[in-house]
Amino acid sequence: PYSVEHRILLSNGQVKIVFEKGKVEADSRGKPIRMFGIVQDITDKKQIESEMKMLSNAIDESINSIFITDLSGAIIYVNQAFESLTGYLKEDIINQHSRILSSGNTPAETYRELWEIITEGITWRGELQNRNKQGDIFWVNCTILPIRNEIGEVFKFMSIQEDISIKYLAERESQYLSTHDPLTGLLNRKHFISLIEKRLFSTTQAALISIDIDDFNYVNEKYGSSTGDDILKTAAASLMESTAGQFGDQIILARIGEN
């Protein structure tokens, strides 16, 4: 008996891939007298296998972190980018639940909504805060795709995660600097004025206290601006510490001028 896969050329010039299985029958002297068997066209099957291999290679080499879970959330596949981003090697993470990546800071409601959506066979997109193996926080732009079997049932999930940590931190820093003084951490002049204007048009009673540092220019000239900066930071820290927890959001601390 024999079995083999090979190509055949049809009369119209088309190439097909076939699976051939047969048996040679011999006479009493061992001389082959006939051969019988089957020939099956497997061209479509080979095409699908080729496409699946190409897709698998694309996933393995993707610059985005990709992992696949079963219906319970247990991880069954990760690509190389996942290992680089999270610090978890394939052998460490397989069969672990995907919650191992959670930072603990994402609201539980977000995860409930996520699971409700993907278990209904709908793609979920959003941003998540995760934690790597070393305990460091990172942010990802995440797409979770339900994977269906041959009868249309969802039986796996694929998560594609783009690391946006640098972009996220830059945006957060930009937003912070738009309202805060970078040296002291107090509100800056522009944001302080906008808050005061809102208070002026409210019925809330308020007091305005201006604090100045005597001879600050002398300190800068004699000891240098770095010493002056240290004094400003110390004064700001002292103000924040002395008012923390006493007035809640009723008190506004800001740096208005140079000193």
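Here the structure is a predicted model, which means the values were calculated and not measured.
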Of all heavy-atom pairs between N188 and A254, which one has the smallest distance, and what is that distance?
-> O-CB, 4.4 Å
Whether [X] side chain and [Y] backbone form a donor-acceptor pair below 3.5 Å:
{"X": "S102", "Y": "R99", "value": "no"}
{"X": "T143", "Y": "I160", "value": "no"}
{"X": "D70", "Y": "G73", "value": "yes"}
{"X": "S174", "Y": "A170", "value": "no"}

Exceeds 12 heavy-atom contacts within 6.0 angstrom, atom [atom1] of [X]:
{"X": "E5", "atom1": "CD", "value": "yes"}
{"X": "I63", "atom1": "CD1", "value": "no"}
{"X": "L10", "atom1": "CG", "value": "yes"}

From Q47 atom CD to I17 atom CD1, the distance as rounded to the nearest 0.5 Å = 8.0 Å
Summary of side chain to side chain donor-acceptor pair (under 3.5 Å) pairs that have at least one residue in [range], sequence neighbours excluded:
{"range": "residues 74-95", "value": "D60-Y77, D92-K133"}
{"range": "residues 28-37", "value": "E25-R34"}
{"range": "residues 156-172", "value": "N130-Q161, S159-Q161, D163-S165"}

Could you list the residues that satisfy ring pair (Phe, Tyr, Trp, His ring centres under 6.0 Å) with Y176, not counting sequence neighbours?
-> H180
Check against side chain to side chain contact (heavy atoms under 4.5 Å, CB included), I68 and I75 = CA-CA 6 Å; I68 298 175; I75 297 173; over 6 Å; no
Proximity of F157 and W124 rings by center, below 6.0 Å = no
Where do D181 and T184 land on the side-chain hydrogen bond (donor to acceptor under 3.5 Å, both in side chains) test, with the steps shown first?
-> CA-CA 6 Å; D181 171 52; T184 63; 2.7 Å; yes
Determine, stepwise, if the pair F192 / E197 fulfils side chain to side chain contact (heavy atoms under 4.5 Å, CB included).
-> CA-CA 9 Å; F192 172 76; E197 287 177 345; over 6 Å; no
Give every residue pair that meets the ring pair (Phe, Tyr, Trp, His ring centres under 6.0 Å) criterion with at least one member in residues 44-76, sequence neighbours excluded.
-> F67-F82
Test log, rule side chain to side chain contact (heavy atoms under 4.5 Å, CB included), inputs F36 and K23 | CA-CA 6 Å; F36 57 90; K23 181 179 181 182; 4.2 Å; yes
Is there a donor in the side chain of Q129 and an acceptor in the side chain of T106, or the other way round, less than 3.5 Å apart?
-> no
Would D229 and S226 count as having a side-chain donor-acceptor pair, cut-off 3.5 Å?
-> no
How does the hydrophobic cluster around V15 look, that is, which other residues are in it when side-chain heavy atoms under 4.5 Å mark a link?
-> L9
